[in-house]
Amino acid sequence: MKRSKSLKIALMGASVLALSACEEPQDVAIFENADQCSQQDGFDRASCEENMQLAKEEHIRVSPKYTSVEDCEADFGSTQCEIAPVQTSSGGSVFMPLMMGYMMGNMLSGGSRVATQPLYRSADDPKNFRTGDNQKVAGKTGVSKVPANVAKAPTTKTSTVRRGGFGASAPRTTSSRRSFGG
Amino acid sequence: MQRISLEQRDDWKTQAENLGFNFHTIDDAPYWDESACYRFSLEQIENDIEDPSEEIENLCFEVVQRAINSEEILTKLAIPTDFWDYIRASWFNQEKNLYGRLDFSYDGQSPAKLLEYNADTPTSLYESSVFQWLWLEQAMELDLIPKGCDQYNSIHEQLVEAFQNMHRNKDIDGKLHLAACQDTPEDEGTVRYLEECATQAGLDTRFLFMEEIGVDANGHFTDLDDMGIRTLFKLYPWEWIMTDDFGKAVPQSGVTFIEPAWKSILSNKGLLPLLWEMFEGHPNLLPSYFANDPSAANLEGDYVKKPLFSREGSNIEMIRQGEQPLKVAGPYGEEGHVVQALHPLPVFEGNHTVIGSWLVASKPCGMGIREDNSPITKDSSRFLPHVIY
């Protein structure tokens, strides 16, 4: 047979399917700093420091970014923000929340599927640690279980400085077009 | 290969509209046309369309391999210097391609001749993969065509599988963003369909318009929620990305594009003279030259002149001895032209017919047929279903 054997009715418009992949929760460990980590049973200082360093590097990349300190503090609280080591394209300052902790794999259970990353506390929910893309992790330090999607490297929540830079090259014709493809 | 007139399904318009296939009729003229279908033998499909498509795809890879290392060729293709390294990197990093459509002139008897390769932004996908498939199943049920017919069309299955592979191998890591231009219903429909395929493959997706994409302070692209874009399927030509304002941010953006940048070599009409230069005499290729190349004088007789970046038949000019040139209007051509020996489309009951041969992840897997009253097909050309029996 040269054709598809079956076809879940595929729509051209909005999807009617709601698929959700069920993945096992992941074992993670959460610490405020490397000292706290190295006091945890089964965690050695070298790994603790290595992972904290990794999280600090990720912090610059994945932390939420703001072009005004007021906007940042509105989300993370007074004096909870710092200047990011990056600038807007026009040379302006960029602000990001302070890193309040980090998450790594649980060394006792392998934890290889966990992306080491910085954690934050937001002003409206200061009890909980959150990831760079604002997913709740846990309220306490130590080992914990989180949904698999939370253990993944965060998609960066960022601050858009400009939109509309794509599309200008499309030919503008007076007649209506259905397609630019072919 | 025959054209067979047929009875239409009473409710096909309602079905099309229920599925979101809203451009089945354009300005009162049919676009989806099931008043006839094309019939092929299995040998014709396998020997004359499927196998040559696979072979040409491999020849195309040889062209890319050569072009990325030749400043002379990249210049001839009118690709901006700033993107040369980026295109090279996209090839060396084996960035995955999703789909493409080879257009052939084929009459059922002599070898199919490659007219062009829609490698970057092909449309007419949904009608090929889904609506044509539904037609076949229902036409057999209604006895409009014999039971036990087949169709060269596993496009949908292959698309879902391609997305599954990209998901599993982390070629798509995290959310897949998909974009089309505003006010182009066919393009948006095509992208919405691909989004559906990606969803069926278990991917987390988000649609937005090209015009809505933003950039952050680090030069990363963002969606309307200010979330960073990691993988972007864009139904938007590479040559436009390269000249757009945000184009210069692309190489450092960290975004994986589908189709990848190396496809810009294959969607360029300059592919045709490059293929001919490297594989002159191949049965599925037509003599082609860059228009400003002195060897273009080798082209004897009738020919077609095409802008490097033309889409949908725009600005294509057909030059026949002793006749006025036949031209399609459009906005392209400043970037240069190629000339290609004329191999007229076959005519079936007054209709000029072109074969679109689909590849998904470089694997040939289906076919769509377009018809026009004129010898040059364009975006208004009718789409007709096909059967194998």
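Just so we're on the same page: letters track the sequence lines, and every chain starts at 1. Any value given below was found using the heavy atoms of this structure, including those in side chains, with hydrogens, waters and symmetry copies removed.
Looking at A:Arg163 and B:Asp223, no side-chain N of the basic residue comes within less than 4.0 Å of a carboxylate O on the acidic one, giving no salt bridge. At a threshold of 4.0 Å, the pair A:Arg162-B:Asp245 counts as salt-bridged, since one of the basic side-chain nitrogens sits closer than that to a carboxylate oxygen. A salt bridge links B:Asp150 and A:Arg3; the closest N-O separation between the charged side-chain nitrogens and carboxylate oxygens is under 4.0 Å.
Contacts of B:Glu46 with chain A are made by side-chain atoms alone, with heavy-atom separations under 4.5 Å and no backbone atom involved. Using a 4.5 Å cut-off between heavy atoms, B:Ile155 touches chain A through its backbone atoms (N, CA, C, O) alone. Contacts of B:Ile213 with chain A are made by both backbone and side-chain atoms, with heavy-atom separations under 4.5 Å. Only the side chain of B:Glu137 comes within contact range of chain A, with heavy atoms under 4.5 Å apart. For B:Ser129, the part lying under 4.5 angstrom from a heavy atom of chain A is the backbone only. Interface remark: B:Tyr152 contributes backbone and side-chain atoms alike to the contact with chain A (heavy atom separation under 4.5 Å). In this structure, no portion of B:Gln158 lies under 4.5 Å from any heavy atom of chain A.
A side-chain donor from one of B:Thr243 and A:Ser169 sits under 3.5 Å from a side-chain acceptor of the other.
Qualifying ring-ring contact (aromatic ring centres under 6.0 Å, His included) partners for B:Phe209, counting only residues two or more places apart in sequence or in other chains: B:Phe207. A:Tyr120 pairs by the ring-ring contact (aromatic ring centres under 6.0 Å, His included) definition with A:His59, not counting sequence neighbours.
In the displayed structure, B:Glu17 atom CD is contacted under 6.0 Å by more than 12 heavy atoms of other residues, nucleotides or ligands. The neighbour count for A:Lys136 NZ, taken as heavy atoms of other residues, nucleotides or ligands under 6.0 Å away, does not exceed 12.
Contact record, B:Asp244 with A:Gly165: CB-O, 3.3 Å, taken as the closest heavy-atom pair. For A:Ser4 against B:Ser154, the heavy-atom pair with the smallest separation is OG-CA, 3.3 Å.
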